Amino acid sequence: MNKKTFYIESLGCKVNQYESDGIAAQLEAHGFSRADKGSPADICIVNTCAVTSRAGMQSRQETRKLIREHPDATVIVTGCHAQTDPEQFKKISGVDLIVCHQDKPLIPAYLTRESPEKNLFEFRKPEYGKSACFVGFGEADRPVSGKMTRAYLKIQDGCNQFCTYCIIPYARGASVSMPFDQVMAHVASLNGQGFKEVILTGIHTGLYGLDLKPETSLTQLVQTLDENKPVDQIRISSIEPNEITDDLIKMARPGHILCDHFHIPLQAGDNGVLSRMKRPYSVEQFSDVIHSIHETLPHAGIGLDVIMGFPGETEKAFENTYKLVAALPVSYLHVFPYSPRQGTPAWHFTPKVASDTAKKRAALMRELGEQKRSTFIESNQGRVLKGLIQNQRDRRTGMLKAVTTNYLTVLIEDKGDAHGNPGSLKGKIVNIKYDQCPNGNCLVGSIVP
Ligand code: SF4
C-alpha cells in the first residue's frame, strides 16, 4: 500500500481547480493520501496560472514557498504559467518536473514507477490550431471539492479566439469538447452522488461542440439536458455575448433547467477598444444581448467582466464603457486592471495607460458595480427565490447559506428538520424570501412554502 502524501496548490480559475481535483482523485486512486495545507507532504504539485502577470508571479512564489516548507518533497509544476513560461520554473532550484497540460493525467504513472523516469514526459507547446488539452480525467471526474454543494463539470478546454490581450490560447491550444454522451453520463452520475446543481465550465464554454463529429453546440447540449432533466439545475460558468442564443435564454425561464444567471465578459464598452482587443462584437450587439436576456428574464443575475486601462483606452473610451455599463440592467461587475502578457499582440500596443489612471478607472468601475448590486438586490425584495442550501455555513454567523438561481447569497436560520436535527437542509433546493439586508453585503431571509 502506498503511504505517500501529496499536497496540491491550485492558482487561478475554476478549470485549474477542477483539474487539480482530477489529479488528486487519480493520486488517491493510486493509494496516495491528500495532505492538508501546512502539513508534511512527500509530493507537492503547483497548478499555476498565467492570466495576469500577478498570477504568474504568485505561481512562482507559491512554488518557492512549498520547496522551502517541504525540502525533501518531489515538486511538480504544471498549469498555464508552467506551459507558457517553463524557463521560469527551470530556474527554480528544487523543481523536479514541469508537466505540460496534456500530460497531467500521467502524473500518477510518473510517481508510481520503481525508478521515476522524467522522460515519460515530453514537454510540448501547443501548435496553432491544435489543442494542448484533454477534457476529462475519465473515471476520476469529480466536483471541485468534497465540501462543495454545486458540482463543476469541465466540458470544454482551449480557445480559438486569440483576443489580443489573452495568453490562454497559447497555453491551452485550440478548443476541444467532451463528447456529448459523456457530458450526459457525467451529469447523471453527479446527480446520483447527490448534487442538485452542475456548473458547466470550460475555458471558452460557448465553443462547446463545434469540434465534435457530428458537430453540436452548447445550446443543443443544454436543450437535451432540459428535456431529460438528469439533474435539477444547470449553470453556465461564463459565456461570451455572441454565443448567447434566444433558445439558451428561454431555457433559463422558470420550470426549465438553466439557472437565470449569465456571467458575460464585456471587457470594454467602446468600439475602438473592442476592435483592438479583437473581441468579435460591437457595443450595440452587446447591449442587444443584455436587453434580450432582461426582457425574457427581468430578474436574471447578469455579471460582467471588464478590463480597465487597455493600451489606447482614452478618457473618452473609458467614459463610453462607464456609460454603457451604467445604462445596462446588470447585477454585478468583475473589474480587472489590464495586465500585459508577453507573447500576446497587445504587449506591443501603444500608448500604454499609466497604472495610476488604470487603477482610478478600475476603482470608479467597482463603485458602479456596487451600485448595480444594490439595485439588483432591491429589485428582488419580496420575490420568492429558488435557492440551493450550501454544505458550508456562513463563517461569521454560523447560519445556513443559500445560493439562488439568479446568484444571490441569502443567509437562513437553521431550524433543523421536524425533529430539530440541524443541517438537514444542506444540499436541498428551497423557496426563499429575503427580508433584511443588514450591511448591504449579506441578505438574511427565510424559507417559504
Ligand atoms: S475568448 Fe478571448 S479572453 Fe477568452 S480565453 Fe479565448 S482568447 Fe482568452
Side-chain angles (χ1 to χ4, degrees), residues 11-19 47-56 79-81 83-85 101 125-135 152 154-178 200-211 217-218 236-245 248 262-271 273-283 285-286 289 303-311 313 321 333-349:
L11 293 105
C13 65
K14 289 284 190 280
V15 169
N16 249 18
Q17 181 63 57
Y18 182 85
E19 291 177 351
N47 199 358
T48 63
C49 173
V51 75
T52 58
S53 51
R54 189 179 153 79
C80 290
H81 188 36
Q83 180 80 48
T84 48
D85 218 344
H101 275 309
K125 290 230 171 208
E127 289 168 47
Y128 183 84
K130 284 202 185 150
S131 182
C133 303
F134 57 95
V135 180
Y152 284 86
K154 181 182 143 194
I155 59 165
Q156 182 278 343
D157 203 334
C159 182
N160 311 335
Q161 198 159 287
F162 289 91
C163 300
T164 55
Y165 55 83
C166 183
I167 194 79
I168 299 303
Y170 307 92
R172 290 185 175 260
S175 175
V176 54
S177 309
M178 178 184 274
L200 302 179
T201 186
I203 292 293
H204 186 152
T205 315
L207 290 181
Y208 176 80
L210 303 184
D211 59 304
S217 66
L218 183 64
I236 299 171
S237 62
S238 167
I239 182 160
E240 292 281 317
N242 46 319
E243 287 149 4
I244 300 176
T245 59
L248 207 55
F262 294 87
H263 187 92
I264 313 167
L266 162 66
Q267 312 307 29
D270 175 84
N271 281 333
V273 177
L274 281 177
S275 137
R276 281 197 304 285
M277 287 177 162
K278 209 167 151 258
R279 301 287 293 166
Y281 51 83
S282 64
V283 166
Q285 286 164 332
F286 189 90
V289 171
L304 306 183
D305 287 332
V306 191
I307 296 175
M308 290 286 100
F310 188 73
E313 184 191 66
T321 302
L333 301 181
H334 285 176
V335 182
F336 307 91
Y338 167 67
S339 173
R341 305 304 290 128
Q342 200 162 9
T344 60
W347 174 261
H348 305 285
F349 288 3

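Only a predicted model underlies this, so the values are computations on that prediction, with no experimental measurement involved. Whatever order the structure lists them in is the order used to number ligands and atoms, beginning at 1. Every heavy atom of this structure was used, including side-chain atoms; hydrogens, water molecules and symmetry mates were not.
Annotation: side chain to side chain donor-acceptor pair (under 3.5 Å) contacts of D211 (sequence neighbours excluded): S177. Here T201 pairs with S237 under the side chain to side chain donor-acceptor pair (under 3.5 Å) rule; sequence neighbours left out.
Those atoms of ligand 1 that come under 4.0 Å of a heavy atom in E240, given as number and element, are 1 (S). Atoms of ligand 1 lying under 4.0 Å from any heavy atom of Y165, numbered from 1 in the order shown and given with element: 3 (S).
Nearest approach of C80 to I168, heavy atoms of both residues: SG-CD1, 4.3 Å. Residue G269 comes nearest to T321 through the heavy atom pair N-OG1, 2.8 Å, listed as atom of the first residue, atom of the second, then distance.
In this structure, Q156 and L207 have side chains that are in contact, with non-hydrogen atoms separated by less than 4.5 Å.
Across H204, H101, R172, a single residue satisfies side chain to side chain donor-acceptor pair (under 3.5 Å) together with D157, and that is R172.
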Which pairs of donor and acceptor atoms, one on a side chain in residues 335-344, lie under 3.5 Å apart (sequence neighbours left out)?
unit_1, atom_1, unit_2, atom_2, d
S339, OG, S53, N, 2.8
S339, OG, S53, OG, 3.2
R341, NE, A50, O, 2.8
R341, NH2, A50, O, 3.2
T344, OG1, R341, O, 2.6

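Less than 2.8 Å away from atom 6 (Fe) of ligand 1, the protein contributes these N/O/S atoms: C159 SG.
Within the structure, the closest approach of R279 to ligand 1 falls below 4.0 Å when heavy atoms are considered.
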